[in-house]
Amino acid sequence: ETGVTQTPRHLVMGMTNKKSLKCEQHLGHNAMYWYKQSAKKPLELMFVYNFKEQTENNSVPSRFSPECPNSSHLFLHLHTLQPEDSALYLCASSQYPPGEGASGANVLTFGAGSRLTVL
Amino acid sequence: AQSVTQLDSHVSVSEGTPVLLRCNYSSSYSPSLFWYVQHPNKGLQLLLKYTSAATLVKGINGFEAEFKKSETSFHLTKPSAHMSDAAEYFCVVSDNWGKLQFGAGTQVVVTP
């Protein structure tokens, strides 16, 4: 266990469904992240949260809706997705968010990911 | 602006032989650099990091990397590959504000 737990590990949904991905960290970290990992492409940062406040949204379509009720939990709500949204969604946490602490301290701890397939 | 380039998308090595994964970066600042590994169906795990201390960095599982400013490189090496090293490896550069840029990854195959 890496200290960052993601559920579900696999999810298949139709384009009209609404589902949510969940991430939980027990490391006492202050920042949490959602990344998208597609085949043949570098990791794409989607959202960053610092102490429950969203600090970064990398032009993510509104069909992805993040929620961070506290510094230990992060959700990604999904609705009316497209087949091209099929990917591995990775959650990560770090002690410091980008912009705080020394850059070398910004080590990310990743969860195992949620494999999403949109039919 | 910063960027990172992993020069090989796939590397195939025989078990017991050396592994070399190449990474070049560009950064307007003094960067921090990382290597992460991702085994199948797993998240990314930190192998090692460089943060302006010693230029030769040792990591887990026998891996090490050398920061060469003149060549803007941060290549990852291991003297003797093991079957369990089969995975995808990511080079990552961080600017002074902790903003990360991931490379496209290098898939390592280890043959018996």
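Side chains are part of it too, since the values below use all heavy atoms of this structure and drop only hydrogens, waters and symmetry mates. Labels below follow one simple rule: chain letters A, B, ... track the order of the sequence lines, proteins then strands, and each chain is numbered from 1.
Side-chain atoms of His26(A) and Ser72(A), non-hydrogen and from C-beta on, never get closer than 4.5 Å to each other.
Only the side chain of Leu88(A) comes within contact range of chain B, judged by heavy atoms closer than 4.5 Å. Looking at Arg9(A), only its side chain comes within 4.5 Å of chain B, counting heavy atoms on both sides. Within the 4.5 angstrom heavy-atom criterion, only side-chain atoms of Gln38(B), from C-beta onward, approach chain A. If you measure heavy-atom distances from Gln6(A) to chain B, you find no contacts under 4.5 Å at all.
Donor-acceptor pairing under 3.5 Å is recorded for the side chains of His73(A) and Asn70(A). Between His29(A) and Ser93(A), the side chains place a donor N or O and an acceptor N or O closer than 3.5 Å (distance only, hydrogens not considered).
For Phe34(B) and Phe90(B), the distance between ring centers is not under 6.0 angstrom.
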